[in-house]
Amino acid sequence: MSERIPSTETALGRLDMPLVEAMTTQRAIRRVLPDPVDDALVLQCIELAQRAPTGQNGQQWEFLVVRDPSVKAALGRRYRQAWSLYWRTVYRRVAARDDAKARMAKAVQWQVDHFTEIPVLVVACLRLGVKEGRVAMVRMPHVAESGYWGSIYPGVQNLLLAARAMGLGASLITMPLWNLGAARRILGLPIDVTPVCIVPLGWPKGRYGPSSRIPVGEVTHLDQYGRRYWVQAEP
């Protein structure tokens, strides 16, 4: 095992990292080592994910921990198909004009090419309502749909912050799930459980650090869209 990989006890001990430090140094880490990640660390990430709020406190989440190379390979094929299409039709032109996007594309391509080597994939899922043995498949109003999907992402963010604190590399991806029927078959999911996103986990090849962001005043509006009240006045 690499000298850069801490013991399980050391990694768990890092969970006392100040929240602001974890939040301001969090970034998507796609390049990770193939070295194993202890179950205790994965379960700790998921347990902290469960501390997040959910709509009506429904707690309708399910988490699949994928270690089987054959399952990772099947998801990886879907990932490669989706990324290849997106690269050819959209992202290649974007990356040609933007160095930062080009670097991101290289990281995504690395993740696609080494997907089966990633030690752990955590698939975050939501359960749909079931009535009289049948799944409720009616289209939800926007407010209900927003609340439904909003019941998993706070938990995923908790998981990402826990991984950051312990020194694990993590990212949030959805492309391997682009074909919902195929994803259900690969993961053996019942019809009332919907996979929402995947968090690959592993010990990072790179490092965490501060990420650049647009000034808060440029994305914050007062009362109505377009009133950027907090944008700094020009000198």
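Across every non-hydrogen atom of T10 and S7, the tightest pair is OG1-OG, 2.9 Å. Contact between R228 and G217 at its shortest, heavy atoms only, is CB-O, 3.8 Å. Between G169 and P204, the shortest heavy-atom contact is N-CD, 3.5 Å. The minimum heavy-atom distance between R78 and W178, with the atom names listed, is O-NE1, 2.9 Å. Of all non-hydrogen atoms in L15 and A162, the two that sit nearest each other are CD2-O, 3.9 Å.
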If you apply the rule side-chain contact (heavy atoms from CB on, under 4.5 Å), what do you find for R184 with T194, and how did you get there? CA-CA 8 Å; R184 288 189 192 281; T194 300; 3.5 Å; yes

Working for side-chain contact (heavy atoms from CB on, under 4.5 Å), residues I29 and Y208: CA-CA 8 Å; I29 302 291; Y208 282 102; 3.6 Å; yes

Assess whether side-chain contact (heavy atoms from CB on, under 4.5 Å) is satisfied between Q81 and L85, documenting all intermediate values. CA-CA 6 Å; Q81 291 168 353; L85 178 61; over 6 Å; no

Residues L180, L177; criterion side-chain contact (heavy atoms from CB on, under 4.5 Å); working and verdict: CA-CA 6 Å; L180 182 57; L177 305 174; over 6 Å; no

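Counting only heavy atoms from C-beta outward, the side chains of V196 and Y148 never approach each other to under 4.5 Å. I118 places none of its side-chain heavy atoms less than 4.5 Å from the side chain of L201. Counting heavy atoms from C-beta outward, Y79 and V108 have side chains that approach closer than 4.5 Å. The side-chain heavy atoms of W203 and P119, taken from C-beta on, include no pair separated by under 4.5 Å. Counting heavy atoms from C-beta outward, V156 and L172 have side chains that approach closer than 4.5 Å.
Distance CG/D35 to CD/E117: 11.0 Å, rounded to 0.5 Å. In this structure, OG1 on T8 lies 9.5 Å from CE on M166, to the nearest 0.5 angstrom. Between D192 atom CG and L128 atom CG the span is 7.0 Å, to the nearest 0.5 Å. For the atom pair CZ (R14) and CG (D16), the distance works out to 10.5 Å, reported to the nearest 0.5 Å.
Not counting sequence neighbours, T174 has no partner by the side-chain hydrogen bond (donor to acceptor under 3.5 Å, both in side chains) test. A search for side-chain hydrogen bond (donor to acceptor under 3.5 Å, both in side chains) contacts involving E62 returns R127, not counting sequence neighbours. Contacts of R207 classified as side-chain hydrogen bond (donor to acceptor under 3.5 Å, both in side chains), with partners at least two apart in sequence or in another chain: none. Scanning for salt bridge (Lys or Arg N to Asp or Glu O under 4.0 Å) contacts around R92 gives an empty result, with sequence neighbours left out. Under the side-chain contact (heavy atoms from CB on, under 4.5 Å) criterion, V123 pairs with L64, V66, C125, L187, P195, I198, not counting sequence neighbours. When the salt bridge (Lys or Arg N to Asp or Glu O under 4.0 Å) test is applied to D113, the partners found at least two apart in sequence or on another chain are R80. Qualifying side-chain hydrogen bond (donor to acceptor under 3.5 Å, both in side chains) partners for S171, counting only residues two or more places apart in sequence or in other chains: Q111. For D98, there are no salt bridge (Lys or Arg N to Asp or Glu O under 4.0 Å) partners at least two apart in sequence or on another chain.
Residue pairs meeting the side-chain hydrogen bond (donor to acceptor under 3.5 Å, both in side chains) criterion with at least one partner in residues 210-224, sequence neighbours excluded, are absent. Residue pairs meeting the side-chain hydrogen bond (donor to acceptor under 3.5 Å, both in side chains) criterion with at least one member in residues 18-33, sequence neighbours excluded: T25-R164, Q26-Q157. Annotation: salt bridge (charged side-chain N to carboxylate O under 4.0 Å, His left out) contacts involving residues 63-75, sequence neighbours excluded, comprise D39-R67.
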Solution key, residues 40-54 side-chain donor-acceptor pairs under 3.5 Å, sequence neighbours excluded:
residue	atom	partner	partner atom	Å
T54	OG1	G58	N	3.1
T54	OG1	Q59	N	3.0

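Both V193 and L75 are part of a single hydrophobic cluster, where members link through side-chain heavy atoms under 4.5 Å apart. Following chains of ILVMFWY side-chain contacts shorter than 4.5 Å, one can reach Y153 starting from V122, so the two form part of one hydrophobic cluster. The cluster map of Ile, Leu, Val, Met, Phe, Trp and Tyr, joined by side-chain heavy atoms under 4.5 Å apart, puts M104 and V90 in the same cluster. Under a hydrophobic clustering in which Ile, Leu, Val, Met, Phe, Trp and Tyr are joined whenever their side-chain heavy atoms come within less than 4.5 Å, directly or via other members, I152 and V65 fall into the same cluster. Grouping the Ile, Leu, Val, Met, Phe, Trp and Tyr side chains by contacts below 4.5 angstrom, directly or via other members, places I173 with V112.
Taking the six-membered ring for Trp and thresholds of 30 and 60 degrees, W61 and F63 have ring planes inclined between 30 and 60 degrees apart. Relative ring orientation between Y86 and Y91 is described as tilted, the plane-to-plane angle lying within the 30° to 60° band.
Exactly one of L121, V120, L168 qualifies for a side-chain contact (heavy atoms from CB on, under 4.5 Å) with P200. That residue is L121.
Annotation for I214: atom CD1 does not count as buried by contact number, only 12 or fewer foreign heavy atoms lying within 6.0 Å.
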